[in-house]
Amino acid sequence: MKNEEQLAFIDLKAQQDVVREQLEERIKAVLEHGRYILGPEVQEFEGKLADFVGVKHCIGVSSGTDALLAVLMARGIGPGDAVFTTPFTFIATAEIVSLLGATPVFVDIDHQTCNIDPHLLKTAVEALIAHDPAMYPLPANHQELTPKAIIPVDLFGLPADNDPIMALARQYELFVLEDAAQGLVGVYKGKPAGSLGHAAATSFFPAKPLGCYGDGGAVLTDDDEIASRVTSIRVHGKGVDKYDNVRIGLNARLHTLQAAILLPKLAVFAEELEKRQHIAERYQQQFSACCSDVVTCPYVPEGSRSAWAQFSIRVQQRDLVQERLQEQGVPSFVYYQKNLHLQSAYAGLGYRADAFPVAEATSSSILSLPMHPYLKDGQIDRVVDSVKQAVDGLR
Ligand SMILES: *Cc1c(COP(=O)(O)O)cnc(C)c1O
């Protein structure tokens with residue numbers, strides 16, 4: 001098996017070949033009309049993505065991070081506000097909370113879905129209201145905090161358990177911002193990812209399920225007020241125009257060229273999901289046939305569908321397995337090596353190293369395997385074979 005051709009973790013080239021003609025036409029059109037900032041492609045894309053997700057408003061912004069940030073700004077989140085989220089996510093989810101002077105309050109994940117655990121979330125909200133860190137681990141400054149918002153993450157493409165989260169949000173008047181950076185085309189009980197909270201943020205970073213060729217993102221919401229504020233915030237808090245500034249904002253627009261690139265990709269996005277679904281099923285079948293005792297496949301609850309942004313297994317001796325895969329030319333990636341509460345940037349929150357045992361254990365066993373719509377059956381089998389050899393060699 002040595003010296004085999006290196007597999008791609010995500011093959012953007014294969015996708016590009018499928019949409020090349022439309023991409024070139026779209027890019028050429030932008031070069032001709034020259035409206036590089038908020039040109040017609042941005043609005044066209046926003047309309048199409050809003051319809052695709054089934055929400056009233058889509059506002060294209062400069063990244064997934066800015067999408068999250070703009071929504072919290074629109075809600076006036078700031079110092080003294082507590083925003084509950086998972087420690088098992090990309091830093092952007094919590095970073096924007098801190099940027100606004102608010103405080104992320106972490107809640108452990110469910111051991112099956114790897115998403116925020118709604119029961120623990122309830123405990124954490126009540127612990128914060130009672131200012132009682134004996135009830136649940138709280139950040140050092142908890143005495144100064146009031147619960148304001150929740151950011152559930154559609155991790156690896158699977159939406160979080162939304163019904164109990166929304167019920168809790170209603171009970172305590174909390175705002176729910178869905179971090180759908182990895183979630184588009186995922187589904188929760190018949191509702192599409194991107195429509196699950198009061199507003200959602202998504203990302204078009206190239207490696208995301210719907211990626212552009214640079215940075216990009218969008219805010220999705222049914223709420224007219226949030227939509228109108230985010231539209232203002234993405235252009236320096238504009239009023240009638242960008243020289244009339246009614247609030248503090250950002251320079252956070254989706255580029256016309258990126259919207260032009262996203263349009264043909266959105267046209268094949270639903271088909272690509274079917275392909276991802278097939279790949280995930282094949283991975284699952286092969287792993288259950290060969291090594292279900294040592295490899296745990298992703299869990300998708302009844303009524304949910306994953307967007308399969310990643311196919312992430314859990315395996316013992318993960319680092320050794322990863323090394324062996326590397327030797328076989330099979331790329332893999334660890335999302336996420338370090339929980340957010342253990343990052344140096346968050347040392348000030350004072351969380352202990354065993355505060356969130358499920359998230360911490362998951363970080364040491366998780367391993368994402370190659371996943372993209374153009375992965376061939378033979379390549380899937382090769383990945384599974386390599387994993388099997390690696391775990392057999394370690395038994
Ligand atoms: C990628 C990602 C983001 C940030 O998106 P960018 O477009 O890179 O700014 C936020 N949250 C999660 C969960 C992500 O995976």
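Just so it is clear, the structure is predicted and the values come from calculations on it, not from any experiment. Order of listing sets the numbers, starting from 1, for every ligand and every atom in it.
Ligand 1 places these atoms under 4.0 Å from at least one heavy atom of Thr89: 13 (C). If you number the atoms of ligand 1 from 1 as listed, the ones under 4.0 Å from a heavy atom of Gln182 come out as 13 (C), 14 (C), 15 (O). Atoms of ligand 1 found under 4.0 Å from any heavy atom of Ala181, numbered from 1 in the order shown, are 2 (C), 3 (C), 10 (C), 11 (N), 12 (C), 14 (C), 15 (O). Within ligand 1, the atoms closer than 4.0 Å to a non-hydrogen atom of Lys208 are 1 (C), 2 (C), 3 (C), 14 (C), 15 (O), numbered from 1 in the order shown. Each of the atoms 4 (C), 10 (C) of ligand 1 lies under 4.0 Å from some heavy atom of Ala92. Short contacts between ligand 1 and Thr93, defined as distances under 4.0 Å to a heavy atom of the residue, involve ligand atoms 11 (N). Listed by number with element, the atoms of ligand 1 under 4.0 angstrom from any heavy atom of Val153 are 13 (C). The Ser63 neighbourhood of ligand 1 comprises atoms 7 (O), 9 (O), with distances under 4.0 Å to a heavy atom of that residue.
Taken from CD in Gln43 to CG in Leu254, the straight-line distance is 12.5 Å, to the nearest 0.5 Å.
Aromatic ring pairs are classed by plane angle as parallel below 30°, tilted from 30° to 60° and perpendicular above 60°; the pair His341 and Tyr351 is perpendicular. Ring geometry for Phe45 against Phe204 counts as perpendicular: the plane angle is over 60°, on a 0 to 90° scale with 30° as the lower cut.
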Discussion item. Determine whether Tyr136 and Phe106 satisfy the following criterion, ring-ring contact (aromatic ring centres under 6.0 Å, His included), listing intermediate values before the conclusion.
Written reply: CA-CA 10 Å; Tyr136 199 75; Phe106 296 117; over 10 Å; no
Discussion item. Pair Arg395, Asp293 - check side chain to side chain contact (heavy atoms under 4.5 Å, CB included), show working.
Written reply: CA-CA 11 Å; Arg395 276 182 211 256; Asp293 56 333; 2.8 Å; yes
Worksheet item: Stepwise, does the salt bridge (Lys or Arg N to Asp or Glu O under 4.0 Å) test hold for Arg234 with Asp66?
Response: CA-CA 9 Å; Arg234 79 170 167 182; Asp66 285 340; over 6 Å; no
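Within the 4.0 Å heavy-atom criterion, both parts of Thr65, backbone and side chain, lie near ligand 1.
Annotation: atom 13 (C) of ligand 1 to nearest protein heavy atom, Asp179 OD2, 3.4 Å.
In the displayed structure, Glu21 atom CD is contacted under 6.0 Å by at most 12 heavy atoms of other residues, nucleotides or ligands.
Some N or O of Gly64 is nearer than 3.5 Å to an N or O of ligand 1, by distance alone.
Partner of His236 under the side-chain contact (heavy atoms from CB on, under 4.5 Å) criterion, out of Asp241, Val246, Asn245, Asp244: Asn245 alone.
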